[in-house]
Amino acid sequence: KKNYYQILGVEPAATSSEIKAAYRRLALLYHPDKNANDKLAEAIFKEINEAYGVLSSKQKRANYHRDYEEANYRQREKGAPFFSSALLLLKLSQMKAVLTQTDPYRMNTDAVFSELQQLFSAFHLAVLKKENNLPVNNEIVATSLSILIFLPGKQQKLILTDLRALPQQAELQITAFEKKQRGRLLWDRYKIWFVLLFTALLCFLLFKVVQMG
């Protein structure tokens with residue numbers, strides 16, 4: 001069963017006004033009018049509306065909350081948290097699948113970053129540390145790195161800090177990713193000067209050839 005509180009980023013004890021405010025903030029961020037042809041934003045917007053449709057209705061929320069509390073109770077009985085490293089890996093894998101089908105020039109990177117921040121919230125990191133599931137966490141790191149290539153450098157750094165906070169054995173992967181991205185960012189910063197220099201050199205050579213002819 002989906003965690004609608006988590007989707008909207010509110011506490012289970014949130015008031016109706018808090019739920020409405022959270023919905024409006026997320027709806028503005030992921031609305032299709034602001035994210036043309038962005039499949040990830042479209043999928044998130046659908047989940048936001050689904051969550052709000054339940055939590056904004058007094059009767060639907062009461063029924064959902066009863067099931068939510070029951071699910072939490074069953075998880076506590078098993079000694080397992082409602083959120084888990086396996087669930088996080090599944091969500092990241094779904095995000096990666098959507099992003100690989102999305103035109104990078106039409107992608108709302110702020111929406112992707114916001115979703116990652118929610119997935120790597122302080123609460124979720126605490127759960128992952130408690131689980132200490134190294135094999136799954138290593139997969140989480142690998143999948144996250146394949147998503148981070150779509151984000152600007154500053155946003156990458158913030159998520160990399162979260163990845164390093166995980167119990168994991170993938171530090172070499174993270175370091176290699178950072179090194180590769182630094183090279184890419186350096187190229188993006190100076191490629192225009194390289195192109196101009198190359199063009200000037202080519203023009204100079206052509207001028208010399210014409211002179212010799």
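By convention here, the first residue in the shown sequence is residue 1.
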About how many Å separate [atom2] of [Y] and [atom1] of [X], when rounded to the nearest 0.5 Å?
| X | Y | atom1 | atom2 | result |
| --- | --- | --- | --- | --- |
| L160 | Q181 | CG | CD | 8.5 Å |
| N133 | E139 | CG | CD | 10.5 Å |
| R24 | L8 | CZ | CG | 13.5 Å |
| Q59 | N63 | CD | CG | 4.5 Å |
| N137 | E131 | CG | CD | 7.5 Å |
| Q156 | L151 | CD | CG | 6.0 Å |

(request) May I ask whether I149 and V98 are part of the same hydrophobic cluster, defined by side-chain heavy atoms of I, L, V, M, F, W, Y residues being less than 4.5 angstrom apart, directly or through others? (result)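 Hydrophobic grouping puts I149 with V98.
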(request) Give a yes or no on this: more than 12 heavy atoms of other residues, nucleotides or ligands lie within 6.0 Å of atom CG of L172. (result)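 Result for CG/L172: open.
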(message) Counting only heavy atoms from other residues, nucleotides and ligands, does the tally under 6.0 Å from CZ of R164 exceed 12?
(response)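 Above 12, so yes.
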Below 4.5 Å, heavy atoms only, C-beta onward: do [X] and [Y] meet side chain to side chain?
| X | Y | answer |
| --- | --- | --- |
| H31 | F45 | yes |
| S93 | L89 | yes |
| I7 | Y4 | yes |
| I19 | R61 | yes |
| Q168 | L163 | no |
| Y5 | H65 | yes |
| I140 | L166 | yes |
| L92 | K96 | no |

(message) Using modelled atom types and a 3.5 Å cut-off, is there a donor and acceptor pairing between side-chain atoms of S57 and backbone atoms of V54?
(response)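 Such a contact is absent between S57 side chain and V54 backbone.
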(message) Could you check whether any side-chain N or O of E69 sits under 3.5 Å from a backbone N or O of R66, counting only pairs where one atom can act as donor and the other as acceptor?
(response)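 The answer is no, because no donor-acceptor pair under 3.5 Å joins these two groups.
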(message) Between V112 and F150, is the side chain to side chain contact (heavy atoms under 4.5 Å, CB included) condition met? List the steps.
(response) CA-CA 9 Å; V112 177; F150 298 104; 5.7 Å; no
(request) Heavy atoms only: give me the nearest Q173-L145 pair and the separation to one decimal. (result)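 Looking at all heavy atoms of both residues, the closest pair is O-CD1, 3.9 Å.
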(message) Can a side-chain donor-acceptor contact be found between N35 and N108 if the only test is distance below 3.5 angstrom?
(response)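 Per modelled atom types, N108 and N35 side chains form a pair under 3.5 Å.
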(message) For a quick check under 3.5 Å, do Y30 and E42 share a side-chain donor-acceptor pair by atom type?
(response)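 No pair is found: no donor N or O on one side chain lies under 3.5 Å from an acceptor on the other.
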(request) Apply side chain to side chain contact (heavy atoms under 4.5 Å, CB included) to the pair T161 and L158, showing each step before the final yes or no. (result) CA-CA 5 Å; T161 300; L158 291 172; 5.6 Å; no
Can you list, pair by pair, the side-chain donor-acceptor contacts under 3.5 Å of residues 116-129, counting residues two or more places apart and other chains?
| unit_1 | atom_1 | unit_2 | atom_2 | d |
| --- | --- | --- | --- | --- |
| S121 | OG | H124 | N | 3.3 |
| H124 | ND1 | Q118 | O | 3.3 |
| H124 | ND1 | L119 | O | 2.8 |
| H124 | NE2 | Q6 | NE2 | 3.0 |

(request) If the plane angle is over 60° it's perpendicular, under 30° parallel, otherwise tilted; pick one for Y23 and Y52. (result)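 Because their plane-to-plane angle is under 30°, the rings of Y23 and Y52 count as parallel.
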(request) Have a look at S85 and tell me which of L90, V136, N132, L134 forms a side chain to side chain contact (heavy atoms under 4.5 Å, CB included) with it. (result)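 Of all the options given, the one that passes is V136.
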